[in-house]
Amino acid sequence: MKIAIVGNYGNRNAGDDAILSGLIHTMFTINKDIEITVFTNNKDNTDTVEGVVKESLIYKEKKSKLVNIIFSIKEILKLKQKFDIVILGGGGILMDMYPRDLPLYWFIVKNIVKRDGTLIVHGVGAGPLKTSLGKKIVKNILNSSKVISVRDEKSKKILNELISGNRSIEIIGDPAFGNEHLAISREAGVKKIGITVLPYFADYYWPEYDKEKFEQYKNNIIKLIHGLSENKNNQIYLYSTKYPDDHRLANEIYQETKKQNVILNEEILSPKSLIEFTQDLDVVVGTRLHSLIIGLLVNASIYGIGYHHKVEGFFGEMELENNFFKIDELNVDKLIEEINQSESNKNNIIKANSIYQSKFAKGVSILESVIEEKK
């Protein structure tokens, strides 16, 4: 049985690559005899396991964009109707913030799935969808899919407005939770606090630059670090799950917060090294969603700074609303107070982990059903 996984992989985003790692492990746990091909942005930057084939989403070796597009189309068409099951996901890929991605995903999945094959939208986030073209493409993807699952209620609501007929959309745990086999128990010691950032409305990253919003966010993180570092029993780590953009901002913040108990992690993290790093933390304060998901996976206390509805949705699903802070309304003093009380609220994290394990198991059950049907 030939299975293709299509998503935003290979961009040095440890969160998206953790989705892929977890998904591959889950699939081989279900059936060790399947053949998996991953479609990725960069094959060299995509870690898989032995036996997994890697194909390019789009080729970039040629001299011009037009030549690259033509060459990419020809290469994808060589794989026309090759796969029994095509999985689109996970991650926040059903959005039109970046105009290239949606048409590319749709072109690939509709061509590589067999006529009697099965397309699955699995564990994705949806939105924003602001253009008529973006909504049309997502509608085509949904109507061509046998099974659709998302990771939060807001994404489900967005897709329900586009889907045809009386079809159900399941809410499941993020596929990155399939990496539990990589986690080990953590050692006690000083309170280790990890912080991830992203270049919110920065001119070098965001589609639309807003200096005021960028500076407000950056200054709030600096204030947070200064407040936490006053306690000499706190060891603070700035680390990045998306390179090079997040690391650039983390380094800028570090230069303004250099203290004995503040450390900048320079490592480009793979899914495995991200889990190994996170499992040594007591607290994760994350703007990047997957730094929080991996934090929950290893039972660290997690606090989210929400730049996108997917972060708020995640904390709502986990019944951790008090651990969520809106990025444009961030009360730094309140966040520091919550972090200082993290040990007394540990039972809430253990409960949230159990909730998410159940949601993840639901996603595994969906995949098992589709694979069993194709045998």
Side-chain angles (χ1 to χ4, degrees), residues 1-11 16 19-20 23-24 27 34-43 45-46 48 51-62 64-126 129 131-150 159 162-165 167 175 366-367 370-371 373-375:
M1 185 186 307
K2 297 182 184 296
I3 298 176
I5 302 174
V6 180
N8 185 37
Y9 310 122
N11 275 331
D16 287 333
I19 291 172
L20 177 62
L23 191 50
I24 289 173
M27 301 293 285
I34 57 178
E35 300 175 33
I36 295 179
T37 298
V38 172
F39 286 79
T40 173
N41 288 285
N42 188 314
K43 291 191 281 189
N45 290 343
T46 306
T48 58
V52 173
V53 177
K54 292 182 279 189
E55 297 285 353
S56 294
L57 282 170
I58 191 163
Y59 289 80
K60 302 173 183 177
E61 291 86 354
K62 308 302 176 182
S64 73
K65 279 189 176 181
L66 179 60
V67 174
N68 277 326
I69 291 171
I70 294 171
F71 184 76
S72 298
I73 290 172
K74 289 181 178 179
E75 292 300 303
I76 293 299
L77 292 178
K78 289 179 182 178
L79 302 171
K80 192 172 180 68
Q81 296 180 23
K82 179 178 178 179
F83 296 97
D84 302 289
I85 298 173
V86 176
I87 300 172
L88 180 61
I93 57 178
L94 297 186
M95 65 174 179
D96 53 12
M97 184 180 292
Y98 306 101
R100 182 208 76 167
D101 293 355
L102 266 180
L104 177 62
Y105 294 140
W106 174 227
F107 174 78
I108 292 174
V109 299
K110 77 174 182 178
N111 277 291
I112 65 174
V113 68
K114 289 182 176 178
R115 289 187 184 277
D116 62 346
T118 300
L119 173 62
I120 309 171
V121 175
H122 187 71
V124 300
L129 285 169
T131 67
S132 57
L133 176 61
K135 292 175 183 177
K136 182 178 180 181
I137 292 173
V138 171
K139 187 172 184 177
N140 286 336
I141 291 172
L142 298 178
N143 291 336
S144 301
S145 302
K146 180 166 185 177
V147 183
I148 304 164
S149 62
V150 297
L159 297 187
L162 299 173
I163 200 167
S164 299
R167 301 191 51 203
I366 290 170
L367 294 174
V370 173
I371 291 174
E373 187 178 292
K374 282 293 174 185
K375 281 185 178 178

Discussion item. With side chain to side chain contact (heavy atoms under 4.5 Å, CB included) as the criterion, how do Ile112 and Val6 come out once you've worked through the C-alpha distance, each side chain's angles and the decisive distance to 0.1 Å?
Written reply: CA-CA 10 Å; Ile112 65 174; Val6 180; 4.2 Å; yes
Practice prompt. Applying side chain to side chain contact (heavy atoms under 4.5 Å, CB included), run through Asp101 and Ile93 and close with a yes or a no.
Written response: CA-CA 8 Å; Asp101 293 355; Ile93 57 178; over 6 Å; no
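- For the pair Asn111/Leu77, a side-chain contact is recorded, criterion being any heavy-atom separation below 4.5 Å from C-beta on.
- With contacts defined as side-chain heavy-atom distances shorter than 4.5 Å, the pair Ile137/Pro103 qualifies.
- At most 12 non-hydrogen atoms from other residues, nucleotides or ligands lie less than 6.0 angstrom from NZ of Lys139.
- Residue Leu102 is tested with Asn140, Thr131, Leu133, Leu129 for a side chain to side chain contact (heavy atoms under 4.5 Å, CB included); the sole match is Leu129.
- One distance of note links CD1 of Ile108 with CG of Leu79; it measures 9.5 Å at 0.5 Å rounding.
- Between Gln81 and Lys114, the shortest heavy-atom contact is O-CG, 3.2 Å.
- Remark: side-chain polar atoms of Ser72 are paired, donor with acceptor, to backbone N or O of Tyr59 under 3.5 angstrom.
- Nearest heavy-atom pair, Gly134 versus Asp96, reported as atom, atom and distance to 0.1 Å: CA-OD2, 3.9 Å.
- Using modelled atom types, one side-chain atom of Thr40 and one backbone atom of Asn42 make a donor-acceptor pair closer than 3.5 Å.
- The two atoms that bring Tyr105 and Gly7 nearest to each other are OH-C, 3.8 Å, heavy atoms only.
- The CZ atom of Arg100 sits 6.5 Å away from the CG atom of Leu57 when rounded to the nearest 0.5 Å.
- Between Leu159 and Leu142 the shortest heavy-atom distance is O-CD1, 3.8 Å.
- How far OG of Ser56 is from NZ of Lys43: 4.5 Å, rounded to the nearest 0.5 Å.
- Shown are Leu367, Ile19, Ile148, Val147; of these, the side chain to side chain contact (heavy atoms under 4.5 Å, CB included) with His122 is made only by Leu367.
- A salt bridge is absent between Lys2 and Asp84; no separation between the charged side-chain nitrogens and carboxylate oxygens falls under 4.0 Å.
- When every heavy atom of Gly89 is checked against every heavy atom of Val124, the shortest pair comes out as CA-CG1, 3.8 Å.
- Distance check: Glu35 CD to Thr37 OG1 gives 7.5 Å after rounding to the nearest 0.5 Å.
- Using a 4.5 Å cut-off on side-chain heavy atoms (C-beta onward), Ile120 and Leu88 make no contact.
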Discussion item. As a quick check of understanding, evaluate side chain to side chain contact (heavy atoms under 4.5 Å, CB included) for Ile36 and Val53, giving each step before the final call.
Written reply: CA-CA 6 Å; Ile36 295 179; Val53 177; over 6 Å; no
Discussion item. Determine whether Val38 and Glu55 satisfy the following criterion, side chain to side chain contact (heavy atoms under 4.5 Å, CB included), listing intermediate values before the conclusion.
Written reply: CA-CA 6 Å; Val38 172; Glu55 297 285 353; over 6 Å; no
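- Asn41 and Asn8 form a side-chain donor-acceptor contact under 3.5 Å, judged by distance and modelled atom types alone.
- Interatomic distance, Trp106 CH2 to Leu104 CG, rounded to the nearest 0.5 Å: 13.0 Å.
- The two residues Phe83 and Ile3 make their nearest non-hydrogen contact at CD2-C, 3.9 Å.
- In this structure, the side chains of Lys146 and Val370 stay at 4.5 Å or more apart for every pair of heavy atoms.
- Between the Lys54 side chain and the Thr46 main chain, a donor and an acceptor come within less than 3.5 Å of each other.
- When side chains are defined from C-beta on, Lys136 does not count as touching Leu162, because their heavy atoms never get closer than 4.5 Å.
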